[in-house]
Amino acid sequence: MAEELTIGFLPLVDGCLPILAREHGFAEDEGVSLNLVKDVSWATVLDRLLYGHSDAAHMVAPLAIATTLGRGRPAQPLAVPFVLGLNGNAITLRSDIAQRVGVDGKLGDPAQVGAVLAEVVRERVAAGNPLRFGVVHRYSSHNYMLRYWLAACGIMPDRDVEITTVPPPFCADALEAGEVDGICVGEPWNSVAVERGVGQIVLATAQVWRRGVEKVLALREPVLNEKRGAVERLIRAMCRAGRHFVDPANWEANAAILARAEYLDGDPVLIRRAIADQLLLARGGEIVEYPDFMFQYREAANFPWVSQAEWLYTQMVRWDGLTFDSADAEKAARVFRPDVYRSALIGTGEPLPGASSKVEGSLRQKTSVSTQQGTMTLESNAFFDGRVFDPSHLAEYIAQLG
């Protein structure tokens with residue numbers, strides 16, 4: 001008899017792998033029955049997980065670390081044995097501001113867009129009306145990517161601009177209502193804003209960090225220990241779903257599945273665009289293709305690199321005004337569980353990295369890397385400002401950021 005796992009999720013394209021593992025029978029083949037529960041905010045997804053109403057959750061990666069460290073609520077250790085995808089978010093500005101930064105129907109250069117935006121920011125600060133950005137959660141990669149980009153362009157978050165929380169399904173509404181001047185959110189919600197004519201996409205977060213960690217599968221540590229076998233079977237099923245998802249032959253069918261009311265309840269045309277790395281940046285414009293806008297499978301995209309968890313911890317220290325704590329850094333690193341991922345996939349055809357950590361931002365070209373199983377080539381993982389994150393020097397990295 002199949003073992004049931006309940007998984008909470010938000011209506012986002014990057015919640016696709018558990019959905020497709022269920023819909024295409026991959027989970028059933030592995031002896032797992034998936035009960036998927038849709039919520040409207042990351043706060044409710046987290047509450048459902050912590051109070052035992054779900055076994056696992058589609059979750060913004062930094063929130064798993066914040067929860068483990070007790071940021072904002074009593075600490076509960078979470079575990080991340082699988083990354084659901086990298087990037088897939090965009091920065092959308094109110095149309096008049098987007099026209100001011102001059103992207104002209106294409107994705108802008110992060111440094112150039114930031115330089116012009118800095119002028120707008122100074123004008124708004126002088127007028128006593130600072131720009132306001134909406135992100136989906138305080139502890140989200142959206143927040144950290146946005147802040148990293150702004151700060152590197154000389155725009156200091158919380159001093160020069162305001163950043164507020166808006167649940168993903170309401171981001172386009174907040175932009176339309178004038179409550180925010182820009183949003184950083186996953187698809188299809190940027191495209192919804194564009195279709196309404198209330199905003200224009202100016203950057204993809206993949207331009208800020210080419211291989212930035214995004215959503216993860218998170219569980220309470222005791223649940224992972226109790227249901228380890230079922231979780232490993234789920235990992236195998238989601239890897240099959242990832243292979244299926246990135247195959248162009250399946251884009252149409254998968255967009256139709258995700259568009260259904262019980263999942264994204266959205267426009268299959270917009271969803272298919274995101275799957276195909278295609279974006280309509282401004283209403284009435286041309287479709288722009290940005291390769292690897294979403295990244296759900298290749299290059300160990302689903303592998304929980306410990307170095308990615310450690311980078312997220314450095315951003316938490318930076319933006320929460322914390323002091324670096326080696327014990328907390330170790331706790332943050334342990335949230336990502338490459339050991340479970342390896343255990344689930346050893347002996348299968350899935351490539352497994354030889355290491356569990358790497359220097360983030362160090363690659364500019366295709367590089368063959370050592371493996372435990374199979375062969376693997378990694379492509380660029382650069383940060384737009386050229387910085388490199390070496391996880392063996394956490395305190396020094398934080399000090400350099402200022």
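Sequential numbering from 1 along the given sequence is applied to the chain's residues. Hydrogens, waters and symmetry mates are skipped; everything else that's a heavy atom, side chains included, is used.
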**Report entry** Minimal non-hydrogen separation, Lys366 against Thr377, with atom names
**Finding:** CB-CG2, 3.9 Å
Query raised in the report: With a 4.0 Å cut-off, would you call Asp173 and Arg196 a salt bridge?
Result: yes
Query raised in the report: Is a salt bridge present between Arg124 and Glu119, judged by a nitrogen-to-oxygen distance below 4.0 Å?
Result: no
Report summary line: When every non-hydrogen atom of Leu203 is compared with those of Val113, the smallest separation belongs to CD2-CG2, 4.3 Å
Query raised in the report: How about Phe324 and Leu394: do any of their side-chain heavy atoms sit closer than 4.5 Å?
Result: yes
Query raised in the report: In Å, rounded to the nearest 0.5 Å, how long is the span from CG of Leu352 to OG1 of Thr371?
Result: 8.0 Å
Report task. Answer with yes or no whether the side chains of Glu187 and Ser191 bring together a donor and an acceptor at under 3.5 Å. Result -> yes
Query raised in the report: Backbone N or O of Thr44 within a donor-acceptor pair of the Ser41 side chain at under 3.5 Å?
Result: yes
**Report entry** Sidechain-backbone polar pair: Trp149 side chain, Pro110 backbone, donor-acceptor under 3.5 Å
**Finding:** yes
Query - Value rounded to 0.5 Å, distance of NE2 in His142 from CZ in Arg147 - result: 14.0 Å
Query - Aromatic ring proximity Tyr148/Phe383, centre distance under 6.0 Å - result: yes
Query raised in the report: Taking Asp325 for the side chain and Asp328 for the main chain, is one N or O donor matched with an acceptor at less than 3.5 Å?
Result: yes
Report task. Mark yes or no for whether Gln315, through its side chain, and Arg318, through its backbone, hold a donor-acceptor pair below 3.5 Å. Result -> no
Query raised in the report: For Leu281 and Gln200, what are the C-alpha separation, side-chain angles and deciding distance, and is it a side chain to side chain contact (heavy atoms under 4.5 Å, CB included)?
Result: CA-CA 5 Å; Leu281 304 183; Gln200 295 182 22; 5.8 Å; no
Query raised in the report: Sub-3.5 Å donor-acceptor pair from the side chain of Gln373 to the main-chain atoms of Thr348, do we have one?
Result: yes
Query - Side-chain donor-acceptor contact under 3.5 Å, Gln365 with Ser380 - result: no
Report task. Kindly write out the residues that satisfy salt bridge (Lys or Arg N to Asp or Glu O under 4.0 Å) with Arg364, not counting sequence neighbours, or none if the list is empty. Result -> none
Query raised in the report: Counting N and O atoms only, with roles assigned by atom type, does the side chain of Glu30 sit under 3.5 Å from a partner on the main chain of Met238, one being a donor and the other an acceptor?
Result: no
Query raised in the report: Can Asp29 and Arg236 be counted as an ion pair, charged N to O under 4.0 angstrom?
Result: no
Query - Spacing of Asn250 atom CG and His244 atom NE2 [to the nearest 0.5 Å] - result: 3.5 Å
**Report entry** side-chain hydrogen bond (donor to acceptor under 3.5 Å, both in side chains) partners of residues 13-26, not counting sequence neighbours, each pair once
**Finding:** Asp14-His58, Asp14-Lys215, Glu23-Arg260, Glu23-Tyr263, His24-Asn254
Query raised in the report: For the residue pair Ile19 and Leu36, what are the closest heavy atoms and their distance?
Result: CA-CD1, 3.7 Å
Query - Lys/Arg-Asp/Glu bridge criterion (N-O < 4.0 Å) met for Arg73, Asp47 - result: yes
Report summary line: In terms of heavy-atom contacts, Leu69 and Ala332 come closest through CD2-N, 4.4 Å
Report summary line: Between Ser307 and Ser357 the two heavy atoms that sit nearest each other are CB-OG, 3.3 Å
Query - Side-chain (Asp55) to main-chain (Thr6) donor-acceptor, under 3.5 angstrom - result: yes
Query raised in the report: Going by atom types alone, do Thr68 and Arg334 pair a side-chain donor with an acceptor below 3.5 Å?
Result: no
Requested in this report: Might you confirm whether atom CD of Glu28 has over 12 heavy atoms from other residues, nucleotides or ligands at distances under 6.0 Å?
Outcome: no
Query - Distance, nearest 0.5 Å, that separates CG of Leu363 from CG of Asn381 - result: 4.0 Å
Requested in this report: Ignoring hydrogens and angles, state whether a donor on the side chain of Gln76 or Arg220 is under 3.5 Å from an acceptor on the partner side chain.
Outcome: no
Requested in this report: Output yes when Glu252 and Arg272 qualify as a salt bridge under the 4.0 Å nitrogen-oxygen rule, no when they do not.
Outcome: yes
Query raised in the report: How far does OG1 of Thr314 sit from CD of Glu360, to the nearest 0.5 angstrom?
Result: 10.5 Å
Requested in this report: Might you work through the side chain to side chain contact (heavy atoms under 4.5 Å, CB included) test for Glu214 and Asn89, ending with a clear yes or no?
Outcome: CA-CA 9 Å; Glu214 178 47 38; Asn89 303 318; 2.7 Å; yes
Query raised in the report: Salt-bridged, Arg298 to Glu379, with N to O below 4.0 Å?
Result: yes
Report task. List the atom of Gly114, the atom of Cys153, and the distance in Å for their closest heavy-atom pair. Result -> CA-SG, 3.6 Å
Query raised in the report: Taking atom types as modelled, is there a side-chain donor on Trp311 or Tyr397 under 3.5 Å from an acceptor on the other?
Result: yes
Requested in this report: Using modelled atom types only, decide if a donor and an acceptor are shared between the side chain of Ser343 and the backbone of Val340 within a distance under 3.5 Å.
Outcome: no
Requested in this report: Answer yes or no: are there more than 12 heavy-atom neighbours, outside Glu286 itself, under 6.0 Å from its atom CD?
Outcome: no
Report summary line: One should read off an interatomic distance between Glu162 CD and Asn129 CG, to the nearest 0.5 angstrom, of 8.5 Å
Query raised in the report: What residue pairs, at least two apart or across chains, pass salt bridge (charged side-chain N to carboxylate O under 4.0 Å, His left out) with a residue in residues 87-99?
Result: Arg94-Asp96, Arg94-Asp181
Query raised in the report: Would you call Asp265 and Lys38 a salt bridge, taking side-chain N to carboxylate O under 4.0 Å as the test?
Result: no
**Report entry** Check: Asp277 side chain, Met294 main-chain N or O, donor-acceptor pair, under 3.5 Å
**Finding:** yes
Report task. May I ask you to test the Val194-Val192 pair for a side-chain heavy-atom distance under 4.5 Å? Result -> no
